[in-house]
Amino acid sequence: MAETPEKLTKPYEPANTESRIYKLWEDSGFFNPDSLPERHKEPFTIIMPPPNANGRLHAGHGLTIALEDIMTRYQRMQGKKALWVPGADHAGFETQVVYEKKLEKEGRSRFKMDRKELYDEIMAFTLESKKHMEADVKALGASCDWSREKFTLDPSVVAEVQETFRKMYRDNLVYRGYRTVNWCTKHQTSLSDVETENVEKADKLYYIKYGPFVVATVRPETIFGDVAVAVNPTDERYKKFIGQTIEVQHPEGKLSLIVISDEEVDPEFGTGALKITPSHDNNDFRMSETHKLPRVEVIDQFGKLNEKTGKYAGMKILEARIKVVEDLQVLELIEKIEDYTHAVPTCYKCGTTIEPRVMPQWFVKMAPLAKLAADAVRDEKIKFIPDNFEKIFLYWMDNTMDWNISRQIVWGIQIPALICAHCNAGALDTDHREGDSCPTCGKPLTTETDTFDTWFSSGQWPLLALGYPEKADLGFYPTDVMETGRDLIFKWIPRMVIFGLYLVKEVPFRTVYLHGMVNDKHGKKMSKSKGNVVSPIDLTDKYGADALRIGLVIGNTPGNDLALVEDKIKGYKHFCNKIWNATRFVLTNIGDMTLDTPRPALTKRDEEILTELGKAITSITLHYENFRFHLAGEELYHYFWNTFADVIIEEMKPRLASADPVSKKSAQWLLLNILATNIKMLHPFMPFITEEIWGILPRESKSLLLVEPWPKPF
RNA sequence: GGGCGAUUAGCUCAGAUGGUUAGAGCGUUACAUUGACAUUGUAAAGGUCGGAGGUUCGAUUCCCCCAUCGCCCACCA
């Protein structure tokens, strides 16, 4: 028998309820699909985007958890064998950056620590942060299966990520290349293209007298590394110079440079003559390959000019630029200087201008893999919500460049390979050992110390989270939905599709649901430096997880950004209270009626009310099915408040007080059953308060609302 | 230089396949209320649905153009 209505405190206090209810669910074992009752057969799977284990959850995570939990709980009630796999991401570079800031504050530096010491410290920090992160996920009510939780540095995960690398190496899809990479001079690592951010920058365009030419450049300090001058083959002005060697003067002497012609030179830009510095410009490097030009490195890994620049050696790039320009002016080699605004790639974490640097690194050959992914999407194996992201995805897949997966940081999964410092070749750790002769040049091989780009492991996450290659859980693959922020359309989604297709020849998920960014109340991006960060946990403490969840989801359409207004969350706390009080009213007015009481004779008006409820159930269910959670939530809200509370309850009051037992009994039955139906349909949005209420509704069974069947029209 | 999204009530936003007086929350105004709930109820004010054209019997909704804001992508030095 249910507990007495006296248990209904006034008003509803989430703080007293939520942790107790969460424990009830965990103890039930129903988060684990294998423990669900018999009726749950067909799998429904979501892999949680593993939050970074380097801090607390932010507002965006709140929306992620809310949406994914809504889907999972809805499908579980619909009788699916629902699995939501939680995880934690070591978040390679990101965490290393967080930790380096911490070291800086303590007056320490990673560059003064040995690799193992640094790794162990970051591991301790990460494992500690992971606990907080997990507590936050629980506080938001996530009904995920903690028994299956995976960490991206679990030994089994590490081993499998490395195995994928070996497989790709053997399949000729990963190779050791020597070419320009994005180098961050602060963090001392290369970065992939998606880890750089192009920033508009006001610079100067210097026109330098350059033998018989004038060349325009924003980087005069690289002149010492120039190896050629390039012109367009059709440029009448310069045709006669092509193939000749010219003499170029600079402050430290003279250069003898060959004049080459290349289609890529735009005759319209600058003077139509381009100085070629292969070691410090991506485009120039490519020309050096096609034209077999030498390469002269003049800037080192710290962004300082090296010994090849004479008196400028040791100067930082910007310092050297000023000095070189001054000296060129003295030599009367500067023709003019123009203001120039252009986009410059910067490190997305520290904003340092990226220094293109030619280095040996590991690359993934993208073209054949991207084609697999694009074909799968064109064949409609994957559906995007909202659908315009399909176009963005395809554009991206049709224009890929090879992916640099080497990072010069310790925090991550080590690349299982050996490298040759002499000829830049690479070999698998399964084929060679430290000290073996390089298969290419015969010199001794050394063990690779670089780690993987974190997206190399995250990209395999849907499989790894299900324990691949072990078969036990692969029945949950392909998963049903991948729900994540729209900013991950480039960074993460394509890589998961690619690895899924490559490793098991099946897409990792059938539907991609992308939510927008959660911004502050003015619609501005949240950032620590702006001080406008709103913590979902603070809001949960203040208004309850239920209010936060429904407040985040209602009014937010997929793909569109959301302005997080605290008053809105507050409004849904009021809604919680409304639900609570309506429940108190019903329970104190139904006598000994229970949910097991058979349906009594109803009046015509009662039938009308039930018909209307049936329509609401149908409509709300359809919204759930079609990922229109904002509409499902809104309709639930309005039905409960404006129809059930304002109209139906008010209408029943006289009947509850009436002496006519038939009229009274039907009113009681109606109220109790409409309430229960609403509680069920609200559960995915507001799991705590609804489970609490379900626990005190009078009925024989002691079952949890968590696994209650989804209601059907009466 | 490309691409995408937005532009609807004071504020934050909904309006799925075009169709009766365009909606919500918050805010505002008036009134009510000791019996589920002031975290309330009833009612009201408030919008030429960014601008110009087109398709249609009919467009906030579909098409074209323009404007403003925002986001993303981009190796023209």
Side-chain angles (χ1 to χ4, degrees), chain A residues 5 8 10-12 180 182 193-194 196-198 203 205-208 215-220 222 229-230 232 264-277 280-287 340 342-345 354 356 386 388-389 391-392 395-396 399 401 486-487 489-490 516-517 519-525 543 547 551 554-557 559-589 619 622-623 626-628 630-631 633-635 637-638 641-642 645-646 649-650 653 656-657 671 675:
Chain A
L8 289 160
K10 174 187 167 181
Y12 174 67
T180 330
N182 303 305
D193 297 310
V194 290
T196 67
E197 198 174 332
N198 290 314
D203 262 319
L205 190 58
Y206 303 93
Y207 286 76
I208 300 174
V215 294
T217 179
V218 290
R219 303 198 60 186
T222 62
V229 57
N232 190 288
E264 285 190 41
V265 180
D266 178 0
E268 304 293 318
F269 189 91
T271 61
L274 175 62
K275 77 184 197 66
I276 302 298
T277 324
H280 301 287
D281 184 278
N282 187 21
N283 201 34
D284 293 3
F285 177 82
R286 288 218 315 241
M287 279 196 215
Y340 183 59
H342 61 155
V344 180
I354 291 294
N388 59 300
F389 279 97
K391 251 165 70 180
I392 298 172
Y395 176 83
W396 190 253
N399 295 279
M401 289 193 291
R486 61 137 226 264
D487 54 328
I489 181 71
F490 300 126
M517 303 292 97
N519 295 323
D520 76 0
K521 62 181 169 186
H522 304 294
K524 300 285 175 211
K525 192 175 173 177
Y543 304 108
I554 289 184
N556 177 229
T557 44
N560 285 319
D561 292 354
L562 165 74
L564 181 51
V565 182
E566 192 169 328
D567 274 349
K568 187 173 163 193
I569 310 301
K570 191 174 157 194
Y572 289 107
K573 187 182 181 190
H574 296 178
F575 182 46
C576 290
N577 194 55
K578 190 76 186 178
I579 295 171
W580 192 247
N581 280 302
T583 303
R584 290 175 61 207
F585 176 80
V586 171
L587 291 190
T588 48
N589 283 284
S619 164
L622 204 60
H623 287 320
N626 291 303
F627 299 93
R628 295 191 294 258
H630 61 296
L631 294 179
E634 196 168 298
E635 196 167 340
Y637 178 91
H638 285 112
W641 201 311
N642 304 120
D646 290 347
I649 288 184
E650 291 307 319
K653 277 180 182 174
L656 292 170
L671 287 180
L675 174 67

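Just so you know, these numbers use all the heavy atoms, side chains as well, and skip hydrogens, waters and symmetry mates. Sequence lines set the chain letters: A, B, ... in the order given, protein chains first and strands last, and positions in each chain run from 1.
Rounded to an integer number of Å, the gap from CG of A:Asp520 to P of B:rC11 is 16 Å. Straight-line distance from the NE2 atom of A:His630 to the C1' atom of B:rA14: 6 Å, rounded to whole Å. We find that CD1 of A:Ile489 is positioned 19 Å from P of B:rC71, with the value rounded to whole Å. Atom CD1 in A:Ile554 sits roughly 19 Å away from atom P in B:rG23 (whole-Å rounding). We find that CG of A:Asn232 is positioned 17 Å from P of B:rC76, with the value rounded to whole Å. Counting to the nearest Å, the C1' atom of B:rC76 and the CD1 atom of A:Ile276 are 12 Å from each other.
Pairing of B:rU34, defined by two Watson-Crick or G-U wobble distances under 3.5 Å, is not identified with any nucleotide. Pairing for B:rU56 is absent, with no Watson-Crick or G-U wobble pair whose two atom distances lie under 3.5 Å. Nucleotide B:rG1 is matched to B:rC73 when pairs are restricted to Watson-Crick or G-U wobble geometry with both distances under 3.5 angstrom.
Looking at A:Asp193 and A:Asn182, their side chains do bring a donor and an acceptor atom within 3.5 Å of each other.
Ring to ring, A:His342 and A:Tyr340 are close: their centroids are under 6.0 angstrom apart. Aromatic ring centres of A:Tyr637 and A:Phe575 lie closer together than 6.0 Å.
Applying the 3.5 Å distance criterion, the base of B:rA24 shares no donor-acceptor pair with the side chain of A:Glu635. Put simply, the side chain of A:Lys578 and the base of B:rC37 share a donor and an acceptor less than 3.5 Å apart.
Nearest heavy atom pair, residue A:Ala547 against residue A:Lys573, reads CB-N, 3.6 Å.
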